[in-house]
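Worksheet: one structure, shown below.
Note that the structure is predicted; figures quoted are calculated from it, not measured. The figures that follow rest on heavy atoms only: side chains count, while hydrogens, waters and symmetry mates do not.
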Amino acid sequence: MTDTHILVDPGVDVPVPAEGETWAVGAVILDGQGRAFAQKRGPGRRLFPGCWDLVGGHVEPGETLLTALAREVGEETGWRLRRVRRLLGVATWTGDDGGGLRYEADYLVEVDGDLDHPALEWSKNSAFDWFGPEDLDRLKENRAPGELLVHDVIAAALRSADPQ
């Protein structure tokens, strides 16, 4: 999918990675009840095993952030990225895999597809669920203190989400 097939709301910032930077993207997808989708990483994953995570992943060489976002949404859920509503933030983090510093741009997005039946990558993830404000503490499961990026991004998306 090319960037031209994705509707991007006015004012949404899309950073351009500098040479040598490692970037990841994340998508917060809301259902009709205003709950955010998250998937639980499998116990055998190298980074953050058994933790709740956003849909997303690494930006591959030659990809823009939006192209990577669309690819990751499709690969991880079977849904199609339709609209990028807002940049929720850019964070930096270092995993415990020796991969060094990463930049992550997280977006509030809309998708097309059957939200009741995501096509999860079951070899990488063990569960999925929808999280409302009352469920946010579950996003901290298996996270070390200070590893609250997923929790904080979803909480921010739920606070800032507005209808259409």
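- You'll find the side chain of Leu54 reaches within 4.5 Å of the side chain of Val153, heavy atoms only.
- When each of Arg143, His151, Lys140, Arg138 is checked for a side-chain contact (heavy atoms from CB on, under 4.5 Å) with Trp52, only Arg138 meets the rule.
- Not counting sequence neighbours, the partners of Tyr103 by the ring pair (Phe, Tyr, Trp, His ring centres under 6.0 Å) test are Trp23.
- Contact check for Val55 versus Val109: no side-chain heavy atoms found under the 4.5 Å cut-off.
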Apply side chain to side chain contact (heavy atoms under 4.5 Å, CB included) to Asp135 and Trp130, showing your working.
CA-CA 9 Å; Asp135 305 310; Trp130 294 92; over 6 Å; no

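- Linking Ile, Leu, Val, Met, Phe, Trp and Tyr whenever their side-chain heavy atoms come within less than 4.5 Å leaves Val25 and Val16 in two separate clusters.
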Between Thr77 and Phe37, does a side chain to side chain contact (heavy atoms under 4.5 Å, CB included) hold up when you go through it step by step?
CA-CA 10 Å; Thr77 65; Phe37 180 85; 4.0 Å; yes

CA sep, side-chain torsions, deciding dist, call: His5, Arg80, side chain to side chain donor-acceptor pair (under 3.5 Å):
CA-CA 10 Å; His5 293 98; Arg80 187 182 69 80; over 6 Å; no

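- The minimum heavy-atom distance between Leu81 and Val111, with the atom names listed, is CA-CG1, 4.2 Å.
- Of the options Asp9, Leu7, Leu66, a side-chain contact (heavy atoms from CB on, under 4.5 Å) to Val84 is made by Leu66 and by none of the others.
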Where do His58 and Arg102 land on the side chain to side chain contact (heavy atoms under 4.5 Å, CB included) test, with the steps shown first?
CA-CA 9 Å; His58 287 91; Arg102 294 170 174 93; 2.9 Å; yes

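- Neither Leu148 nor Val28 shares a network with the other; the hydrophobic side chains, linked directly or stepwise wherever heavy atoms of I, L, V, M, F, W or Y lie under 4.5 Å apart, form separate groups for each.
- Linking Ile, Leu, Val, Met, Phe, Trp and Tyr residues whenever their side-chain heavy atoms come within less than 4.5 Å places Ile154 and Trp93 in a single cluster.
- Taking 4.5 Å as the limit, some side-chain heavy atom of Val90 sits within range of a side-chain heavy atom of Pro15.
- Note on residues 20-43: pairs passing salt bridge (charged side-chain N to carboxylate O under 4.0 Å, His left out), not counting sequence neighbours, are Asp31-Arg35, Lys40-Glu141, Arg41-Asp53.
- In this structure Tyr107 satisfies the ring pair (Phe, Tyr, Trp, His ring centres under 6.0 Å) test with no other residue, sequence neighbours excluded.
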